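Data block below; observations after.
Order of appearance sets the numbers: ligands from 1, and atoms from 1 within every ligand. Since this is a predicted model, take the numbers as computed values, not measurements.
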Amino acid sequence: TSLATSIGGRTFGNCMMNAAGIRCQNKKDLDALVASSAGAYVTKSATPQKRAGNPSPRMHTLNKGSINSMGLPNNGLDYYLDYVIDDQHKRPKATNFLSVAGTSLADNLAMLHQIQESEFNGFVELNLSCPNVPGKPQVGYDFDRVNDVLDQVFQFYTKPLGVKLPPYFDLVHFDQIAAILNQYPLTFVNTINSIGNALVVDPRSEQVVIRPKGGFGGIGGASVKPTALANVRGLALRLKPAIAIVGTGGILNGVDVFEHILCGASMVQIGTQFGYEGTKLFDRLSQELKDIMNQKGYTNIEQFRGKLKTFD
Ligand code: RRO
């Protein structure tokens, strides 16, 4: 039974990896991912310069997931670019993901110019959906801005690139975002980022649970799975075949991975649960997915990927 997948002509021995932001901010975290059974890793979303992020508490564990308002704490693009290029020399056959999340168009273009001119040959994941930087709206909810960013990026950027999107909640929005994305030579689309600007209340203390933005933050974990599956499926039905789907959101076990793949995901990313479990998560999920595939008689993921059945 193979859990291998391929995206943009690159193959991955396992279709599971971490989601950006979770246990991938420093070299020690990334070394642990390299040593794990994950098929790839993605680095914490980078800005041009190192950032401390928002004041704590900025993440809180929930019964069915997590809320965070980290505010893009990261070590700056050079740190992650050095790491992935060094890794590329050590493991020339591996493809990994470098996440970038400029807080302005100018920052995104500057970072992509630097990456274009570097030796980096992996995938860039352009994060258009960070919900937690005060005063900076999620680009993914402004369709004209998405179009403008991609138009300017593809004037010069020629390496494989994907975008990380926020969740959409209306079928018209799926139509609109897909029509824009289909105009560009994207390698993948990653859906979903956390469900932004939710509010968790502690009735005992009569207080919010995180400090930034008056308690507003992004939700991840079990409660976002139906929204994630809708976005994976909604985009899989609308994007051109050359754009692969990376499915993220609400994965806790092998069944959740199976459902994401049924909806059309070629790769899945795990955030909240990876935060709770660490790299052994990938061993557990791999075994659980293999068990389901064996029960059903599948030997590789292409046999069921995107083949979700509907009533009509
Ligand atoms: O750092 C964060 O606050 C953060 C980011 Br950049 C993101 O894309 N998604 C998220 O839930 N948190």
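When the shell of 6.0 Å around CD of Glu206 is examined, it contains 12 or fewer heavy atoms from other residues, nucleotides or ligands.
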When you check ligand 1 against the protein, what N or O pairs turn up below 3.5 Å? List the atom names and distances, or just say none.
residue, atom, partner, partner atom, Å
ligand 1, 1 (O), Lys44, NZ, 2.8
ligand 1, 1 (O), Leu72, N, 2.8
ligand 1, 3 (O), Asn68, OD1, 3.4
ligand 1, 3 (O), Met70, N, 3.1
ligand 1, 3 (O), Gly71, N, 2.8
ligand 1, 3 (O), Asn132, ND2, 2.8
ligand 1, 8 (O), Asn127, ND2, 2.8
ligand 1, 8 (O), Asn193, ND2, 2.8
ligand 1, 9 (N), Asn193, OD1, 2.8
ligand 1, 11 (O), Asn68, ND2, 2.9
ligand 1, 11 (O), Ser194, OG, 2.8
ligand 1, 12 (N), Asn68, OD1, 3.0
ligand 1, 12 (N), Asn132, ND2, 3.1

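Between the side chains of Tyr83 and Asp31, at least one donor N or O lies within less than 3.5 Å of an accepting N or O.
Ring pair Phe97/Phe12 is tilted by interplanar angle, where 30° to 60° counts as tilted.
Expressed to the nearest 0.5 Å, how far CG of Asp175 lies from CG of Leu237 amounts to 10.5 Å.
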Go through the steps for Thr47 and Leu77 under the test side-chain contact (heavy atoms from CB on, under 4.5 Å), then give the verdict. CA-CA 6 Å; Thr47 50; Leu77 178 65; over 6 Å; no
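Under a cutoff of 6.0 Å and an axis angle of 45°, Lys240 and Tyr184 do not form a cation-pi pair.
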